[in-house]
There are 2 protein chains.
Amino acid sequence: MSHEPELLPLLGEPPRERSDAARNRDALMCAAKELVDSAGVDAVTMDAVAERAGVGKGTVFRRFGSRAGLMAALLDASEAAWQGDVMGGPPPLGPGAPPRERLLAFGRSRLVGNLERAALVQAATGAQPRSYAAYSFTATHVRYLLHELGVRGDIDLLTTALLAPLEVPILLQQTQIEGIDVDRIVAGWEDLVARVVDA
Amino acid sequence: MSHEPELLPLLGEPPRERSDAARNRDALMCAAKELVDSAGVDAVTMDAVAERAGVGKGTVFRRFGSRAGLMAALLDASEAAWQGDVMGGPPPLGPGAPPRERLLAFGRSRLVGNLERAALVQAATGAQPRSYAAYSFTATHVRYLLHELGVRGDIDLLTTALLAPLEVPILLQQTQIEGIDVDRIVAGWEDLVARVVDA
DNA sequence: AATGAAAGCGGACCACGGTCCGTTTAGGCT
DNA sequence: AGCCTAAACGGACCGTGGTCCGCTTTCATT
């Protein structure tokens with residue numbers, strides 16, 4: 001009665017994904033991506049995705065929990081490259097430049113990226129787990145840079161203060177309703193950084 | 001063939017509201033308010049409101065455009081008193097205190113208020129006109145105070161920078177997910193004001 | 001008071017997100 | 001190979017937001 005509890009007991013909990021489940025997950029992500037690219041975020045209906053992937057609707061919900069969850073998965077996939085650049089790409093966004101340069105580059109990049117993916121981001125809001133996961137990455141990075149800069153005060157809250165004006169609804173309000181141009185928003189954010197960082 | 005174009009041509013455009021329309025509007029607002037108070041924001045279904053007010057569903061949409069619009073109307077009604085306090089109430093929130101005191105009082109008040117009405121605010125997001133109208137009041141006020149304080153720089157963007165961390169999704173993230181306590185958030189915001197205002 | 005037209009009204013109807021549960025299938029065990 | 005169980009599947013079903021269009025009401029004019 002020998003029994004390895006699992007072939008690879010590393011990371012005990014997640015009991016592994018069944019092969020059909022993995023296949024369907026890929027098919028669904030792929031179908032969703034195609035729909036976004038070809039007809040926009042609004043066209044990504046749960047029924048449409050299911051049909052296009054050739055699976056039942058229930059399966060979509062089983063995999064992603066909700067429409068927002070599906071969007072979040074799409075978003076994570078498309079942000080992975082960016083996260084890689086931030087952590088290991090060329091300076092000033094990646095490591096190698098002085099912290100202040102990195103922070104400014106980060107802000108610019110995040111701001112522009114958020115505006116590009118605005119529709120997807122908005123469609124993804126409300127997905128519990130990811131919202132925090134993806135946010136968590138940016139927060140951790142900014143917190144780290146503020147620490148490197150020797151900023152004094154409640155770093156967590158200063159991080160929030162810097163990140164909040166980069167959130168999609170606010171950027172959309174500024175660009176679409178107030179008619180503020182992107183360069184001006186970037187300049188404003190850099191000014192904010194200066195005020196926050198320089199004691 | 002004499003014809004005054006209208007009884008009161010003041011404010012040319014709005015052609016006046018028909019009496020039955022006004023009556024229905026009141027009934028609907030009232031019904032909605034009762035539903036919120038008795039069973040929470042989620043219970044405010046368009047059908048439920050319509051039935052309770054004794055009108056057809058189409059009427060609800062005709063009046064408020066969407067669920068978010070209805071919520072926004074509710075919110076406006078409940079924020080009117082607060083706006084009055086800000087513009088004409090006792091100091092330090094109202095006029096009479098030095099600008100810096102007023103700004104700090106404003107932030108505290110807005111922060112707490114936003115957390116109290118969080119559910120309603122979230123249900124109201126997406127209503128085009130009001131989002132801007134209600135936001136506009138706070139922005140104008142902060143902009144004015146920053147001006148009074150002699151702050152230099154792009155006042156519009158600094159206003160956004162101060163207001164953004166008071167937005168509901170961010171406050172909710174801080175209190176509910178990160179477990180930060182309200183007093184700490186308030187302190188953080190006051191620190192932010194200091195950094196932004198003191199050149 | 002009668003009239004005409006624009007504003008308002010109501011509720012059937014549609015699309016979409018989300019749930020449920022009976023059925024199918026992967027894949028470890030013997 | 002055959003079995004057994006937990007996982008996965010599918011699609012009928014439901015509630016809700018939002019639209020549409022033929023009918024009704026208001027009210028200015030005469």
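All values below were derived from every heavy atom in this structure, side-chain atoms included, with hydrogens, water molecules and symmetry-related copies excluded. Everything numeric in this text was worked out from a predicted model, so none of it was measured.
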* Asked: Can a side chain N or O of B:T59 be found less than 4.0 Å away from OP1 or OP2 on C:dG8?
  -> no
* A:D20 side-chain proximity, nearest of C:dG18, C:dC9, D:dC9 -> D:dC9
* Ignoring backbone atoms, test whether A:N24 places a side-chain nitrogen or oxygen under 4.0 Å from the OP1 or OP2 oxygen of D:dC9. => yes
* Side-chain donor/acceptor contact of A:R18 with base of D:dA7 under 3.5 Å -> yes
* **Nucleotide nearest A:R62 (side chain, heavy atoms from C-beta), chosen from D:dA7, C:dG8, C:dG18** => D:dA7
* Asked: Looking at A:T159, A:I155, A:L158, which one forms a side chain to side chain contact (heavy atoms under 4.5 Å, CB included) with A:V142?
  -> A:T159
* Look at the side chain of A:R67 and the backbone N and O of A:V44, then say whether any donor-acceptor pair between them is shorter than 3.5 Å. => yes
* Of the listed nucleotides D:dG18, D:dT26, C:dC9, the one nearest the side chain of B:S19 -> D:dT26
* **For atom CG of A:D47 and atom P of D:dG10, their distance in whole Å** => 14 Å
* Is there side-chain contact between A:Q83 and A:H141, with heavy atoms separated by less than 4.5 Å? -> no
* To do: Could you work out which one of C:dG17, C:dG11, C:dG8 sits closest to the side chain of B:R63?
  => C:dG8
* Asked: In terms of side-chain heavy atoms of A:F61, which of D:dT26, D:dA8, C:dG18 is nearest?
  -> C:dG18
* Position toward the 5' end of DNA chain D (nearest nucleotide), A:V55 or B:G65 -> A:V55
